[in-house]
Structures are given as structure tokens and as C-alpha cells.
> 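Would you mind keeping the following structure in view while I ask a few things?
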Amino acid sequence: MPLSSYFHLRDAFAKPRISCSCRFICNATPPTYASFHSAPFNQPPSIFSSLLHEFSNTFIHVKSIHAQIIKNWVSTEHFLSAKLIRAYSHLGFLSLARKVFDQSSHLETTVCNAMMAGFLRNHQYNEVPKLFEMMGSCDIEINSFTCMFALKACTSLLDSEIGEEIVRTVIERGFHLHPCVGSSVINFLIKCGNLDDARWVFDEMPERDVVCWNSIIGGYVQELLFKEAIQLFFEMVGCGIRPSPVTMSNLLKACGRSGCEKLGRCAHGWVLALDMGRDVFVLTSLVDMYSNLSDMDCASLVFNSMCSRSLVSWNAMISGYVQNGKILEACALFQRLVRSGFGFDSGTLVSLIRGCAQISNLENGKILHACIIRKGLELNLVLCTAIVDMYSKCGATKQATIAFERMEKKNVITWTAMLVGLSQNGYAEDALKLFCQMKEENVAANSVTLVSLVHCCAHLGSLKKGRSVHTHLIRHGYAFDAVNISALIDMYAKCGKIHPAEKLFNNGFHLKDVVLCNSMIMGYGMHGHGHHALNVYDRMIEERLKPNQTTFVSLLTACSHSGLVEEGKTLFRCMERDHNIKPRDKHYACLVDLLSRAGCLDEADALVKQMPFEPSTDVLEALLSGCRTHKNINMGIQIADRLISLDYLNTGIYVMLSNIYAEARQWETVNYVRGLMRIRGLKKTPAYSLIEAGNQVHTFFANDDSHPSWADIHQLLENLRLEVEACGYVPDTSCVLRHVNESMKVKLLWGHSERLAIAFGLLSTPYGSLIRITKNLRVCVDCHTVTKYISKIVKREIIVRDANRFHHFVNGECSCNDYW
DNA sequence: ATAGGGTTAG
């Protein structure tokens, strides 16, 4: 014990403070340090109480007072036990506090409360409910303090069962009317996601101080109900309550997240007026707010003017840069942080990982992953979820899966990250399987999970699963916002159901959301309803809804699928003139596609030549595809050459080029191109078709004999072939681009994946029902013709969605009369 | 005698 402490102690005895607790000492003979040590027996317990009050901040003092208490045989006094417990646990000596508690001969409310508070202070949350139950079974009275402490533990433990029981007791006995207990109840309810009841408690309270307001405002912020949070803030100020730094920090968060720029800047002024200009918490919230408002100049201004910063301040600034796509600035700041010797934590790493994900920098992402393993941070949920997300965004699905499987603990966000990763990397079926696994492990989905599932269903064309997700959304009361509705519109449209998509759109139009409109335009476009797509655009203009560049991509695609050449050209002209949107590469690609599909190859070629920037592979591919369709071999070869020089490893180009040569029957050149592909390690994307039957999605590749019902499928196709031939069908072998004899060509045609899927559909779905096929590439002319015949013979409606559009076959006719 | 609210990251 340092000497100075003795002096401190002696001074305290010499000049006792005039406080209630010291009055005993003042009235008694003035004690000295010596007298303290040789204190006589039979001191009144109140003296120890006062001593503990005065010297509870030094362990050695507490210990010697404790010794004196034992010597004086007064340890049975329960309020002394409580004081000792409190002193020991404040000093972090929980085991000593526990010892006092265990040795208390008479357990009573005060002692138990002190022990509970001790557990809380030392983060031993799971001890608290045990103690609470013990109090119940020993018939020890429970008061408002007991409830408050126990509730706080339940909030940390997310133990809703015991917590709710306590809340009931609190309300029965009216404890919640006290501001401290009330705000604890509010916090607990908010943590359980029960904002409505929290608000009820808040409204019940007769006396609400700033902390109560902070609790309820914080709840609204946490539930992302920013407008309501802001409104409550004004109500609070209206009640004459002065905002605390916590209030301002909540308000700033609400402004930043909801994009209320004006109010946010006002709030900055209030922070200064309220003299909080040096509060690290508040300033960090300001940095965060400006980052969320994408005003990085103001964010860095605040950050650089801070006279002291916490690690969270640094992290907020780094994450702000990442969020706003300024990865270089984020890295520079990280270096500054490391150089300043401040160190960094998992929060810093998360932002950096997110930065890598954003720019698909797998190399640095791996380094960060290694760093996490080396630092033993593998149990950090947020961090590992970010890693899974990073690998997915970099296209490294396998590594993402490994990282995901290695995680011991996972939550909804982890599962969702993996799900989104699979779905966006084209593993929609695996994503749906993962979702089943997630349900088995009783992890409840959130709306992000469900939206990503909707995308999977859309990708697979799985109407059944898509519908079940839709009903799930309705049944569990998820908010139908523009994001949800857009995803559902897209799903229904891709599953060939334009009417439900329309209904969703009409019900959601009041949201005035561009993305929502874009999905509908895209949906109409896919279905060949070009005029309907244009109508949506007209409605947008009427409602003064500003179209964005995606709107025009969707519109031009729609025109292209419906052959609306003039309309497409007009739209292209007006996008810059009327809406100040400069045509980007995508738009050129759409217009070139539109023109070249319509056979205006020269016009398309001229457009490519007068583009203000170098055409991308997308633009040239559109032109190339037109050359193939309209059999312009010379232009096709030229474009293909140019494409290969631009994108050496694009499989599609080689396939298209070899198809052009094949149609010109230049088999040697076909073989040459195929050889090139082989040398360059490129493989043709295998064609496959999907069909949903029962609760399963069945996949068929061309000439696929791996399906269990293969023999039946084969037999049915043979019968169908005889029937369609009897109806006058003649095979068009021009789309078999291999140099084999005619009968082999016919055989190959009957092995096309869509035919296998259709046959399986006929075998496995009830008579008269609709058959829905999804194909990854485009349907060939011959399959198109055959499907028309089949739809007539079997009297079944058949919808085939291919890479480009829908083909709706009814009674020998197709919605798109013209194949292309 | 004992009391409640806050900043970053998936």
C-alpha cells in the first residue's frame, strides 16, 4: 500500500466530511488512523457502515474494515453484508463479495439486491436469474430494485421467459411508474422486439425524465422507425426537457439513417448550442451521420477537429469512407490509425473486409481473413459474417462455404449472407436447400432473407416456392416496402405470371418508387407486352416520378422484345434531352440489339461506329447475335474477331462464331474455332432446363439419362415424335451446328433439354395443368416448333422461359408468333 | 443503503 494512501486516510479522519453518513464519527471522539486499527470491540455497526461508505474505493481499506467487522461479531447485520458486497464487487473482487453473501447468516432483500448488482457490474449475467429464483423459493421479499436488476440481466441475456414474468410483476405492483424501473422495462421490451408494449409502458408513466425519453426514442431508432423517433424528440423538447448527449446521439443516428439532411445539420447546430461540442460520443455520432448522408467532407471535418477520439470514432470514419465507395481514403485512414499506435479492433477489420468485398479484392480479403485467424477472432460473429460476404462478393463461393461451415455460432445475418452469396453466384438451388437447413436449425428469417429467397425462386422460375415465400411474408406481417414488392414483381414475372405482378404493382404504385416501376417495365418486357411497359413509363411521367438509367435499360429491352423499333429510337433520343441521362454502354447495347434483331444491321453498325466511347463486349455481342440471326456472315466474322481481341476468354463469343461458320457450312473453320476454345481452356456453357414437380426442382441437361424416370421420358418422347410427324412436323436441322448426318441431327434435336423437361412435366403433373419450363440458354427454332405441336396434341398450356423471353404455347400457337 | 439511457461493423 503506497504511503500517500495512508495520508489520505488520516486526512479523512482528521477532517471528517459533513455528510449524513459521517455524523456518527463526528459525534464520537475524533478517530485517528491508529485508533482505527486498534478499534475496541463492541463498536456499533453504524460506524462500520460509515467507514465502508467513506473508504469503499480502496481494496485494502475494505479488507481491513471487513476484518474489524468480523472481529466485532457484527457480521450478522444484513446492511453491513450488503455494503461489503457492494464494496467488493465495485472493486472487481466478485469472489470475495460472493463469500460475504454465502456467509451471511440472514439473507434478506438488501443483501440479495447488492449481490445482484455485483453480478451485473461484473457481467456475470447468468448468475442473476438463478439468484432471482432462489429469492422466490426462499420467500425473500422482492422489491423494485430486485426487479430492475433482474430485468437488466434478462435484457443482456435475451431471456424473454423470466424477463416477461418480471415485467408482469413490475406492472402488477406499479414499480414501472418510477422512471428508473420504467426505463428498464422499456429497454427490456425493446430488446425483445416488443416496441408496442414498450410504448404502452412509456405512455403509462406519470413522470418521464430525459432517460425515459432516451430509452423510447432509442427503441424507435433500433426498429428503424426514424420518423417516429424524430417526432418523439420534438415532443420531448416540447415538454421542456433538455436533451442529453444520449438524446442527441439517437437523434443524429435517426437523421443519418433516414436521410434527413436538413434536420441533421440543424441537430449539429444544437449539439454546439447545448455545449456538447467536446463529447466524444456525440461527435462520433456526427461523423456517422454525415457518412450516412454521404457528406464525407463534413464527416472528415468533424473527425479531424475532434480533440480526443475513441477507437469507435476512427472506425466510424473508416466505415464511412467504405460505405461511400472511397476505399483508398479508408485505407489511408487505417494506416494513419496504425501509425498513431492506437491499435485496431474487430470493428475496424469489418469495414476493411467490406471494402475488399466492394471492389472484389480477393487478395487483400484473404490477408484480412488470415489476420483474423492469427488474432484468434474466429468467434466474432460479425467479423466472420463479413468474411463469408466478402468471399461471396468476390465470386469465391467455395471459400465462402468453407468459412460459413467453420463458424460455430451463426445468426440470421450469417445465414442470409451465405444465402445471398449462393443466389448471386448462380447457385439458386443450393440457396433454397440452405434455407431448409436454416429452418431446421430454428433460425427465424428476416425480410432480407426472404427477399433473397424471392430472387432465387425468380431465377429458378419456381412459382410454387416463390408463392410460399410470398405467403410467408404476408403471414408473418413483414412490411411490404418497395424492395419486397419489386422482388415479388420480378419473381412473378419470371415465373410467367404477369397478373399477380401487375396486381402487386398497382397496389404499390402509391409508394412512387423508381425501382418498383423498373421491375414492372422489365416484367412486361419479358412477356412481350411492350406497350404496357411504355404505359408504365407514361404513368411515371404523369406522377412526376424521375426515371433513372435502369428505367431506360428496361424500356429499351421491352421495345426490343416486342419489336417496337420506332418507339425504342424515340426513347433513346429523349433520355438525354428530357431527363438529362447520358446513354451509357448498356443503353447502346439495348438499342443495337433492338435494331439488329429487327434486321437493321447497317443502322446498328452505324450506331456502334458513332458511339462517343469504345463499345463494350455487350454492344458488340448484340450486333454479332443480329448477324447470326440475319445470316450476315461477313459482318459477323468481323465483329467476332474484334470481340475476341477484346475479351479473349468469353466463351459465348466463340460459340456464336462457330455457329456462324456452321450455318455457312464451313465445318473446318468450325473445328478450328472449337480447337481454339479447347486450347484456351474454355468450355461451352451446357444447356439445361428446369421444371418444378412436387416439392422439387428437376434439372435436365441435353441428352441427359441420369434422371430416375429416364426410361419413361425416352418412351414418351418417341411416341410424341411419331404423333407430331403425323401432324405434319418436319424437323428443322439447321440449328444442329455439328457436322453429322441427318438422322443423327434429328436424334440430337430430340435430346434437347427442354424436350426432356416437357416430357417429364407431362409424366409428373396432373392432366390439364400448366407446364412451366425454365431454360438457361435460348430455345432453338425446332424446339419452338415442336412445342407448338405438343401443346396441341396433349391439350396442355406450356410456358418456356429462356435466357431472353417467354414462349407461351397454347393449342398449337405461341404468343410470339415470330420466333425471334 | 442500492437505480435507468448512448457512438462503429455483417
Side-chain angles (χ1 to χ4, degrees), chain A residues 20-21 46 49-50 52-53 56 78-83 85-86 89-90 109-118 120-121 143-149 151-152 155 175-176 178-188 190 208-219 221-222 244-253 256 279-289 291-292 309-320 322-323 345-355 357 380-390 410-418 420 448:
Chain A
C20 213
S21 57
S46 53
S49 168
S50 310
L52 276 173
H53 189 81
S56 63
H78 57 75
F79 63 88
L80 274 184
S81 302
K83 282 217 152 184
I85 291 168
R86 183 165 187 268
S89 44
H90 268 250
T109 314
T110 314
V111 181
C112 294
N113 287 355
M115 194 65 242
M116 269 195 191
L120 287 177
R121 176 168 273 269
N143 64 16
S144 64
F145 290 98
T146 324
C147 292
M148 196 175 54
F149 293 144
L151 209 50
K152 198 174 172 198
T155 310
F175 292 154
H176 65 293
H178 188 282
C180 296
V181 188
S183 46
S184 299
V185 174
I186 292 172
N187 287 328
F188 168 76
I190 288 168
R208 294 178 298 213
D209 61 8
V210 66
V211 180
C212 300
W213 284 94
N214 289 343
S215 296
I216 194 76
I217 293 175
V221 172
Q222 205 190 296
S244 74
V246 180
T247 325
M248 292 318 285
S249 157
N250 276 329
L251 177 68
L252 292 170
K253 195 171 175 179
D279 186 307
V280 181
F281 268 96
V282 176
L283 291 174
T284 305
S285 301
L286 269 171
V287 170
D288 176 56
M289 180 190 76
S291 304
N292 281 321
R309 303 181 188 101
S310 68
L311 190 49
V312 178
S313 319
W314 286 89
N315 290 349
M317 194 64 217
I318 292 174
S319 125
V322 171
Q323 266 175 54
D345 69 353
S346 55
T348 328
L349 287 172
V350 169
S351 296
L352 296 175
I353 291 164
R354 218 179 131 196
N380 185 315
L381 194 60
V382 177
L383 203 46
C384 292
T385 304
I387 286 289
V388 171
D389 182 60
M390 181 273 296
K410 296 167 189 139
N411 66 7
V412 216
I413 304 175
T414 320
W415 285 90
T416 306
M418 191 67 239
V420 171
V448 183

> Kindly write out the residues that satisfy side chain to side chain donor-acceptor pair (under 3.5 Å) with A:S310, not counting sequence neighbours, or none if the list is empty.
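Result, side chain to side chain donor-acceptor pair (under 3.5 Å) vs A:S310: A:S313.
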
> What is the separation between atom NE2 on A:H178 and atom C1' on B:dT2, rounded to the nearest whole Å?
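To the nearest whole Å, that distance equals 11 Å.
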
> Scan nucleotides 4-10 of chain B nucleotide by nucleotide, 5' to 3', and note B when protein non-hydrogen atoms come under 4.0 Å of the base, S if they reach only the sugar-phosphate, - if neither.
BBBBBBB

> Among side-chain atoms of A:N214 and A:N250, is any donor-acceptor pair under 3.5 angstrom?
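No - no donor-acceptor pair under 3.5 Å links their side chains.
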
> Identify, with sequence neighbours excluded, every residue that meets side chain to side chain donor-acceptor pair (under 3.5 Å) alongside A:S184.
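None.
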
> When you measure from the side chain of A:D389 to the backbone N and O of A:T385, does any donor-acceptor pair fall under 3.5 Å?
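A pair under 3.5 Å: no.
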
> Just by distance, no angles: are the side chains of A:D345 and A:T348 close enough, under 3.5 Å, to form a donor-acceptor pair?
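Yes, side-chain donor-acceptor contact under 3.5 Å.
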
